[in-house]
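Note that ligands are numbered from 1 as they come in the structure, with each ligand's atoms numbered from 1 the same way. Just so you know, these numbers use all the heavy atoms, side chains as well, and skip hydrogens, waters and symmetry mates.
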Amino acid sequence: MKVTEHIEKANGNTQFSFEILPPLKGQNIDSIFESIDPLMEFNPPFIDVTYHREEYIYKELEDGLLRKQVVRKRPGTVGICAAIQNKYNVDAIPHILCGGFTKEDTENFLIDLGFLGIDNVMALRGDAVKSETYFTPEKEGHAYASDLVKQISKLNQGIYLEEELQNTAPTDFCIGVAGYPEKHLEAPSMESDIYFLKKKIKKGATYIVTQMFFDNKKYFNFVDKCREAGITVPIIPGLKPLATKKQLNMIPHRFSVELPDDLVMAVVQCADNKAVRQVGIEWCVQQSKELIDAGVPVLHYYSMGKSDNIREIASQVF
Ligand code: FAD
């Protein structure tokens with residue numbers, strides 16, 4: 001079922017959902033099931049599975065020269081989605097990127113998803129590869145998520161890249177896109193970011209999931225600005241409970257978000273990461289309760305592979 005249908009069916013009640021990462025290459029899929037199992041009692045209507053593009057590593061050869069090698073550390077997005085739908089009978093949402101994909105790759109990827117009975121996709125640009133400062137699309141690929149949304153929407157109308165194909169079967173994907181309550185790192189202003197967000201909706205996206213935020217005011221302001229700009233689709237808040245001291249530096253740097261002073265000081269005063277985990281849970285419970293009171297359609301948690309804290313939060317909130 002489509003995300004938009006799940007939201008409609010819930011009749012104004014806030015639903016619980018979460019995002020998982022494929023395991024590192026070499027790991028078993030059981031590690032994924034172990035993190036999903038404890039969360040199933042909260043009846044997620046859908047589970048997102050991230051996509052991780054290739055990275056370049058350099059290996060030193062015996063003669064001292066460096067060899068560039070392409071690695072994908074977390075393959076398996078599509079397989080995990082199929083396994084989730086099969087095992088739990090819950091909608092799995094694969095993330096799909098512009099980065100690393102030609103239009104042809106994208107089309108073939110979407111055909112696979114359609115055959116697997118996947119009804120939703122999260123369309124994203126992806127970040128620059130680690131060795132580059134700015135995002136570079138493939139030669140025959142998309143530069144922005146809005147172009148990817150356009151391709152998916154065309155496929156939903158039965159328009160494939162080979163225009164001479166006859167009697168084509170249209171796909172029927174519900175398309176989600178990313179929104180940034182604290183604006184995207186590269187965006188020169190919030191206004192321009194929302195302008196391009198609206199473009200993704202115009203091209204066919206029907207819901208938005210936000211980047212994580214730790215101050216609900218940022219989400220509420222963002223929703224107000226989106227509504228003023230004429231964006232009417234559901235805006236699902238994404239939440240991440242802090243779990244380690246290291247994240248105090250890593251999260252603002254990597255996701256371009258601010259951490260409120262009260263949260264930072266509470267974490268700084270923790271004796272160890274067990275205490276940080278507790279602070280993170282309590283903060284996220286408060287955020288969740290306020291967002292539910294405000295009537296958000298879904299609370300979407302970033303699990304980053306660990307579900308014990310998400311379980312604790314969900315048990316206090318749902
Ligand atoms: P876009 O919407 O293309 O926007 C990128 C930037 O370009 C923005 O600054 C925007 O304002 C600007 N822009 C957009 N269109 C134009 C235009 N036509 N002209 C000029 N500027 C423009 N990354 C992964 O690698 N894998 C994942 O699974 C993944 N999942 C995510 C899930 C969520 C909910 C979120 C919020 C992010 C996720 N990301 C993931 C990270 C995402 O790929 C990065 O944030 C990326 O840098 C931007 O992706 P986007 O889809 O928002 O890009």
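- Looking at Tyr195, Phe196, Tyr180 and measuring to atom 16 (C) of ligand 1, the nearest heavy atom belongs to Phe196.
- The nearest protein atom to atom 26 (N) of ligand 1, hydrogens excluded, is given as Tyr51 O, 2.7 Å; this is a heavy-atom distance.
- Using a non-hydrogen distance threshold of 4.0 Å, Gly126 registers as a contact of ligand 1.
- Ring planes of His6 and Phe46: tilted class, angle from 30 to 60°.
- Contact of the Leu110 side chain with the Thr106 side chain is registered, since non-hydrogen atoms from C-beta on lie closer than 4.5 Å.
- Taking 4.0 Å as the cut-off, Lys199 counts as a neighbour of ligand 1 on heavy-atom distance.
- Polar contact check, Glu19 against ligand 1: no nitrogen or oxygen pair lies under 3.5 Å apart.
- The ligand atoms of ligand 1 that sit less than 4.0 angstrom from a heavy atom of Thr50 are 28 (O).
- Closest to atom 22 (C) of ligand 1, if we only count protein heavy atoms, is Tyr144 CE2, 3.2 Å.
- Of all protein heavy atoms, the one closest to atom 40 (C) of ligand 1 is Leu124 CD1, 4.1 Å.
- In terms of heavy-atom proximity, Ala143 sits nearest to Asp147 at N-OD2, 3.9 Å.
- Set against the non-hydrogen atoms of Ala178, the atoms of ligand 1 under 4.0 Å away are 35 (C), 36 (C), 52 (O).
- Remark: side-chain polar atoms of Thr210 are not paired, donor with acceptor, to backbone N or O of Gly179 under 3.5 angstrom.
- Atom 4 (O) of ligand 1 lies below 4.0 Å from none of the non-hydrogen atoms of the protein.
- Counted within 6.0 Å of CD on Glu54, heavy atoms from surrounding residues, nucleotides or ligands total more than 12; the atom is thus considered enclosed.
- If you look at Met122 next to ligand 1, the close heavy atoms, those under 4.0 Å, all belong to the side chain.
- Near Leu97, meaning under 4.0 Å from any of its heavy atoms, are these atoms of ligand 1: 24 (C), 25 (O), 26 (N).
- Which parts of ligand 1 touch Ala187 is read off a 4.0 Å heavy-atom cut-off, strictly below it: atoms 9 (O), 11 (O).
- With a 4.0 Å heavy-atom cut-off, ligand 1 is reached by the side chain of His95 but not by its N, CA, C or O.
- To the nearest 0.5 Å, atoms CD (Glu5) and CG (Asn120) are separated by 8.5 Å.
- Using a 4.0 Å cut-off to heavy atoms of Asp193, the atoms of ligand 1 that qualify are 8 (C), 9 (O), 10 (C), 11 (O).
- A distance below 6.0 Å separates the ring centres of Phe101 and Tyr51.
- When the shell of 6.0 Å around CG of Asp261 is examined, it contains 12 or fewer heavy atoms from other residues, nucleotides or ligands.
- The number of heavy-atom neighbours closer than 6.0 Å to NZ of Lys154, taken from other residues, nucleotides and ligands shown, is 12 or below.
- In this structure, the ring of Phe16 has its center less than 6.0 angstrom from the ring center of Phe18.
- Checked against a 3.5 angstrom limit, the closest N/O atoms of Ala145 and ligand 1 fall inside it.
- The side-chain heavy atoms of Ser256 and His184, taken from C-beta on, include no pair separated by under 4.5 Å.
- The atoms of ligand 1 that sit less than 4.0 Å from any heavy atom of Tyr302 are 34 (C).
- When ring centroids are compared, His300 and Tyr302 come within the 6.0 Å threshold.
- Heavy atoms of Lys200 found under 4.0 angstrom from ligand 1 belong exclusively to the side chain.
- Between the choices Asp127, Thr210, Val149, the shortest heavy-atom distance to atom 44 (C) of ligand 1 belongs to Asp127.
- Distances from ligand 1 to the non-hydrogen atoms of Arg53 include no value under 4.0 Å.
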Might you work through the salt bridge (Lys or Arg N to Asp or Glu O under 4.0 Å) test for Glu258 and Lys218, ending with a clear yes or no? CA-CA 10 Å; Glu258 275 182 21; Lys218 311 248 184 201; 3.3 Å; yes
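- Among the atoms of Arg125, some N or O lies under 3.5 angstrom from an N or O of ligand 1.
- At the shortest separation from atom 6 (C) of ligand 1 among protein heavy atoms lies His184 ND1, 3.5 Å.
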